[in-house]
Amino acid sequence: MPPPPGRNHLLPGVDTPGQGRDRGALEQPCPLASGGAHGMSRRTAKRLLVVANQAAAAEAARRARHLKALSCVSGAERELEELVFGDSLNGEEDELLRCLAGPRRVTAAEEKDLQEESSDSGVENEAKRDLLLKSPAWVDEDDEAEENVDMTHKYRKDLMKSDAETTLTKKKLKKRLEEQFQQAMGGVPAWADLENRKNSKRTLSDSDSDEDDDLLRRTGNFITSSESLPRGILKMSTCPPANQERFANGKLVTVQFHPSAQVVMTAGHDRSVSLFQVDGIKNPKIQSIYLESFPIYKARFSVDGEQVIATGTHHSMFFVYDMMAGSIIPIPKVRGVEEKFLRNFELSPDGSFMLLIGNSGYLHLLSMKTKELISTMKVNGRCTASAFTPDSSKIYSYSKEGEVFIWDVRSRKGLHKFEDEGSLEGKCIAVSKNNQYVACGSSSGVVNLYTTDVCLKENRPKPVKAIMNLVTSATCVTFNPTTEILAVASRDTDEAVKLVHLPSYTVFSNFPVFRKKQIYLTQSMDFSPRSGYFSVANNKGKALLFRLKHYSFF
């Protein structure tokens, strides 16, 4: 039956919109549940519940279709929405869709990448997951097309390997550019090697602490070059002359670096000995001494670097300059040495002996401390050059007849003799600092390079290398301290200097510099204590200075 007028068409006990019950009043029992006089039948109630459930299901389906439609919006529509409403709406919508769709299953490859980067912070990991979920924003189909590039353009001509390559595809051009870059860089740089970046990133954290501890335990110059000297091209630069603040008047016969200080000494026929500080820029003069009526034939630092010994061109005496005391000490005559002229001499590496090369094949061994004669030795013919071994235990003497005599310093007895192959007249000899090689230069311009073990055993040893780059007499040979370079020179013609790469026995092609005459007649050569500099004294009174960039120290 219809309800009485003035009553709501709702179930008793249910609040109407805009109208609430008194929270303080007692709730009346629902007639539907009690089946009171004013209640509905159970069949009617069940029908109402079915209708309500169907309405809820329809609403859920409608919302799902709406979300699906939102997720299928095209890229153009989304871009338009971002322009109108901003990025926040799109971001909130994507977040809502992800929440409704549930967690996405990550592939095995993506999971592996995420685990490798597990050391990063949680925020970074979340950002990386978001990147994995996103697809490319734009794909240009033209990028995949095989398009030919004109290689005859002036900016691409250098990339052509032949005249037939007038055109190349983009992929081939890209590969060609990569090859050119790797060739210029000497390989793939570490930052561009994607395969090794992950591995290096893993080990970086482990090695950081060890490297820091090792860095704190050591001091010194950490800017160093590669260990071995490469062949072919010698990296070097020309510096101002070492004696630019005081050029010699006439022939400069000696140039030598100080054994422990960054100083170079020059001496010449102008009767002067000068000291310069080597910085490669100004090379300021430290001091000059003048020896009256004494044209210098040869000058050398003592091993401790405190004295300079100088002999003259036409004198039987020599001078000792004591740099610590600032005094010049003349040695007028050595008792037991009957020589008209004392010119050529050598100092032992241990600082104990001075060897005077006399006439008629006589060798006079003096004490470096007292400048007195210890013993005299004699070779067959005339001795033109001599050299001590690095341990000062032996002496190699080169005769004018092309024979090399080996002496024991302690007993002053001859140990062995061998013939220099093809030598017509001996001119100069040198022993490497590591006692591995012996270099013999002859009047023919050939410099024979021997190993010391063969020289001590055979009478006619075969040289490991015959250097034939000089066309006039080889008058000077010098090893660098690391035994990687052998300098050979002749004073009979201009620009006659060659630097030989010893591991490969080849000559450096970029020295001397062609079309730029500057060396002239070479009188003396020397390397700095750690091979950082190379100097050549010429007949113009200059000590030319070159910086060898492979070596980091002086």
Side-chain angles (χ1 to χ4, degrees), residues 221 223-226 228-258 261-268 274-286 288 467 469-472 474-482 484-502 506-554:
N221 190 350
I223 304 176
T224 58
S225 300
S226 59
S228 60
L229 178 68
R231 57 180 290 183
I233 301 296
L234 181 61
K235 293 182 179 180
M236 63 189 307
S237 60
T238 303
C239 303
N243 63 339
Q244 66 174 347
E245 292 195 356
R246 189 193 182 281
F247 292 137
N249 294 324
K251 188 182 296 184
L252 192 66
V253 296
T254 294
V255 60
Q256 186 188 16
F257 290 95
H258 193 275
Q262 200 159 332
V263 174
V264 67
M265 173 192 65
T266 61
S274 302
L275 302 176
F276 302 89
Q277 181 182 356
V278 180
D279 59 8
I281 302 174
K282 294 184 178 180
N283 305 321
K285 187 183 77 170
I286 300 175
S288 292
I467 303 167
N469 296 85
L470 301 178
V471 296
T472 54
T475 56
C476 185
V477 289
T478 305
F479 289 93
N480 81 315
T482 61
E484 293 178 304
I485 303 175
L486 171 63
V488 298
S490 174
R491 66 168 63 102
D492 297 334
T493 185
D494 291 336
E495 309 298 307
V497 181
K498 296 295 181 181
L499 298 180
V500 183
H501 181 251
L502 285 184
T506 57
V507 174
F508 290 103
S509 60
N510 61 322
F511 187 86
V513 180
F514 297 104
R515 302 177 184 175
K516 189 178 180 182
K517 194 173 182 179
Q518 58 179 347
I519 296 179
Y520 295 97
L521 300 181
T522 302
Q523 306 297 316
S524 176
M525 303 181 297
D526 193 32
F527 291 91
S528 60
R530 296 191 179 181
S531 304
Y533 287 92
F534 174 64
S535 183
V536 178
N538 63 16
N539 63 326
K540 303 293 184 181
K542 295 183 179 181
L544 305 177
L545 189 64
F546 303 92
R547 175 71 174 94
L548 306 185
K549 297 182 179 181
H550 173 79
Y551 303 99
S552 304
F553 302 96
F554 176 76

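Residues take their numbers from the sequence shown, with the count starting at 1. All values reported here derive from a predicted model rather than from experimental measurement.
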- Spatial distance of atom OG (S228) from atom NE2 (H501) [nearest 0.5 Å]: 7.0 Å
- Between P512 and K498, the two heavy atoms sitting closest are CD-NZ, 4.2 Å
- Task: Please determine if K285 forms a cation-pi arrangement with F276, meaning its NZ or CZ atom is less than 6.0 Å from the six-membered ring centre and no more than 45° off the ring axis.
- Result: no
- Message: Under the rule for side chain to side chain contact (heavy atoms under 4.5 Å, CB included), what residues qualify as partners of S509, not counting sequence neighbours?
- Response: I233
- Item | Any donor-acceptor N or O pair under 3.5 Å, side chains Y551, E484 | yes
- Query: Should T475 and R491 be marked as a side-chain contact (heavy atoms from CB on, under 4.5 Å) after you check the CA-CA gap, both sets of side-chain angles, and the distance that decides it?
  - Reply: CA-CA 6 Å; T475 56; R491 66 168 63 102; 3.8 Å; yes
- Task: Look up atom CZ in F479 and atom OG in S531, then write down how far apart they are to the nearest 0.5 Å.
- Result: 13.0 Å
- Ring centres under 6.0 angstrom apart (F554, Y533): yes
- Message: With side-chain contact (heavy atoms from CB on, under 4.5 Å) as the criterion, how do T254 and M265 come out once you've worked through the C-alpha distance, each side chain's angles and the decisive distance to 0.1 Å?
- Response: CA-CA 8 Å; T254 294; M265 173 192 65; 4.2 Å; yes
- Task: Can you measure from CG (N539) to CG (L521) and round to the nearest 0.5 angstrom?
- Result: 4.0 Å
- Quick one: closest heavy-atom pair of Q523 and N538, and the distance? CG-C, 3.9 Å
- Message: Using a 3.5 Å distance criterion without hydrogens, assess whether the side chain of E495 forms a donor-acceptor pair with backbone atoms of I519.
- Response: yes
- Check: I485 and F508 side chains under 4.5 Å, non-hydrogen atoms: yes
- Are N243 and T266 close enough that a side-chain donor and a side-chain acceptor fall under 3.5 Å? no
- What heavy-atom pair brings I281 and Q244 nearest, and what distance separates the two atoms? O-NE2, 3.3 Å
- Task: Take L234 and N510, measure what side-chain contact (heavy atoms from CB on, under 4.5 Å) needs, and give me the verdict at the end.
- Result: CA-CA 7 Å; L234 181 61; N510 61 322; 3.8 Å; yes
- Does any N or O in the side chain of D492 come within less than 3.5 Å of the main-chain N or O of T472, such that one atom is a donor and the other an acceptor? no
- Task: State, to 0.1 Å, how close S288 and R246 come at their nearest heavy-atom pair, and which atoms those are.
- Result: OG-CD, 3.4 Å
- Note on the structure: When rounded to the nearest 0.5 Å, the distance separating CG of L499 from CG of N480 is 9.5 Å
- For the residue pair N283 and V278, what are the closest heavy atoms and their distance? OD1-CA, 3.7 Å
- Item | Whether S535 side chain and L544 backbone form a donor-acceptor pair below 3.5 Å | yes
- Note on the structure: Residues passing the side chain to side chain contact (heavy atoms under 4.5 Å, CB included) test with R530, sequence neighbours excluded, are F553
- Query: Looking at side-chain heavy atoms only, is the closest gap between T478 and V488 below 4.5 Å?
  - Reply: no
- Task: For residues V255 and V536, report the shortest heavy-atom separation together with the two atoms involved.
- Result: CG1-C, 4.4 Å
- Give a yes or no on whether the ring-centroid distance for F511 and F546 is below 6.0 angstrom. yes
- Roughly how far apart are H258 NE2 and D526 CG, rounded to 0.5 Å? 12.5 Å
- Item | Side chains of E245 and P284 in contact at under 4.5 Å (non-hydrogen atoms) | yes
- Mind checking the NZ-CZ spacing from K235 to R547? Nearest 0.5 Å is all I need. 12.5 Å
